[in-house]
Novice: 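Quick one: structure below, then a few questions.
Note that this is a predicted model, so its numbers are computed, not measured. Throughout, protein chains are lettered first and strands after them, A, B, ... in sequence-line order, and every chain is numbered starting at 1.
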2 protein chains.
Amino acid sequence: MYKCRVPRSHTLQIDLAANVPVYEQIANGLRAELVAGHFGPGDRLPTVRALAIDLGVHHNTVAQAYRQLAHEGWLELKRHRGAVVQERRHLPSRPDIPEKFTRPLRELLAKALADGLSRKLLIGELMDSVRRLQEGGL
Amino acid sequence: MYKCRVPRSHTLQIDLAANVPVYEQIANGLRAELVAGHFGPGDRLPTVRALAIDLGVHHNTVAQAYRQLAHEGWLELKRHRGAVVQERRHLPSRPDIPEKFTRPLRELLAKALADGLSRKLLIGELMDSVRRLQEGGL
DNA sequence: GGCATTTGTACACCGTAGATAGACAAACTG
DNA sequence: CAGTTTGTCTATCTACGGTGTACAAATGCC
């Protein structure tokens, strides 16, 4: 019995056609959930196989995502114990903001504008994010 | 003689170690410049070989980036005419905001937070972007 | 006008990474 | 104690990114 508020395909979506690896899509999606606090320390994520079936990929692919998150300190992976969410100490802030955030954000905005999304709409989305951040969420 | 305000390695940076393809990094960087209006219609970008040398990659890699941008309607690629910036009609806005923007933004923020960047700092960056967007820039 | 240079393209090649398949060892369940 | 569950390991296959190289055509210089 594990507590699994994990996204079935609704919140965690995989795009096999995307040029970003599936295991990284999974890790990114789960990391977002973790950062948002949707999981607390001690919570257990689904087994690699269960999630793999849900997503329609191989369990090794999910395992790779789990391993990456474990390596980042989000999960503890014990055999047959499943993936347990860990308390994660806050890292000291790094000064490489431009590379880690500003540039990707800029490129993301450029892509969105190029896709025809309006400035007004993007501003709205950004402001929503700001609000969520201010409230301690994501 | 081409008008080339193109980034030497300062504004257009390539990370060979990144897991995102170099040709896509180039395309993303140039698209950001184009969206920002740093190039006008008729301007000519550097030749594939010139930019390739600047970036330290093969000219075919740059050519692939140029082709992608041309396919998106940003550039016109004529043999021996170089890459000419085109007037680009605005596409009709698509309704798939979450997939194209919200989700990637959310994951980017999650990654930044996971890296130890503070909420306050991220909020500042987001607000900067909002301001730039409001001013018609990027 | 002719010729070397420039320039984008096409094609083949190689290395690597992503995804899968299948087997394995250990813990849990009854 | 036997069967099931579960994460891991190893091997294999495929696709893609990046490079090397040759090519065709337009440009520029004399």
Novice: Expressed in angstrom and rounded to an integer, what is the separation of A/Lys78 atom NZ from D/dT5 atom C1'?
Specialist: 18 Å
Novice: Of B/Gly56 and B/Arg49, whose nearest nucleotide on DNA chain D comes first from the 5' end?
Specialist: B/Gly56
Novice: Has the side chain of A/Asn60 got a donor or acceptor atom sitting under 3.5 Å from an opposite partner on the base of D/dG7?
Specialist: no
Novice: Quick one: A/His71 NE2 to D/dG7 C1', roughly how many Å, whole number?
Specialist: 18 Å
Novice: Counting heavy atoms from C-beta on, name the nucleotide in D/dT8, C/dT7, D/dA25 closest to the side chain of B/Arg79.
Specialist: D/dA25
Novice: With a 4.0 Å cut-off, would you call A/Arg106 and B/Glu33 a salt bridge?
Specialist: yes
Novice: Look at B/Glu72 together with B/Arg88 and state whether they make a salt bridge at an N to O cut-off of under 4.0 Å.
Specialist: no
Novice: Quickly work out the A/Leu45 CG to D/dT6 C1' distance and round it to whole Å.
Specialist: 14 Å
Novice: Examine C/dT20: is either OP1 or OP2 under 4.0 Å from a nitrogen or oxygen in the side chain of A/Thr61? Give yes or no.
Specialist: yes
Novice: Round to a whole Å and report the spacing from CD of B/Gln68 to P of C/dT9.
Specialist: 14 Å
Novice: Within this structure, what is the CG-to-C1' distance between A/Leu75 and D/dT6, rounded to whole angstrom?
Specialist: 15 Å
Novice: Taking side chain as C-beta onward, heavy atoms only, is B/Val20 less than 4.5 Å from A/Asn19?
Specialist: no
Novice: So, the side chain of B/Asp115 versus the backbone of B/Leu117: is there a donor-acceptor pair under 3.5 Å, distance only?
Specialist: no
Novice: Would you state whether a donor and an acceptor, one from the side chain of A/His58 and one from the base of C/dT20, lie under 3.5 Å apart?
Specialist: no
Novice: Could you give the CG-to-C1' distance, from B/Leu77 to D/dA26, as a whole number of Å?
Specialist: 15 Å
Novice: Would you tell me if any nitrogen or oxygen in the side chain of B/Arg67 comes within less than 4.0 Å of OP1 or OP2 on C/dT9?
Specialist: yes
Novice: Out of D/dT19, D/dA22, D/dT6, which has the shortest distance to the side chain of A/His80?
Specialist: D/dT6
Novice: Would you indicate whether the side-chain heavy atoms of A/Leu77 and A/Leu69 approach each other to under 4.5 Å?
Specialist: no
Novice: Out of A/Leu12, A/Ile14, A/Leu16, A/Thr61, which residue meets the side-chain contact (heavy atoms from CB on, under 4.5 Å) rule with A/Gln25?
Specialist: A/Ile14
Novice: Where along residues 14-24 of chain A does a heavy atom come under 4.0 Å from DNA chain C, residue by residue in number order?
Specialist: A/Pro21, A/Val22, A/Tyr23
Novice: Rounded at 0.5 Å granularity, tell me how far CD in B/Gln86 sits from CH2 in B/Trp74.
Specialist: 11.0 Å
Novice: Rounded to the Å, how far apart are A/Gln64 CD and D/dT6 C1'?
Specialist: 18 Å
Novice: Rounding to an integer number of Å, can you tell me how far B/Glu76 CD sits from C/dT7 P?
Specialist: 17 Å
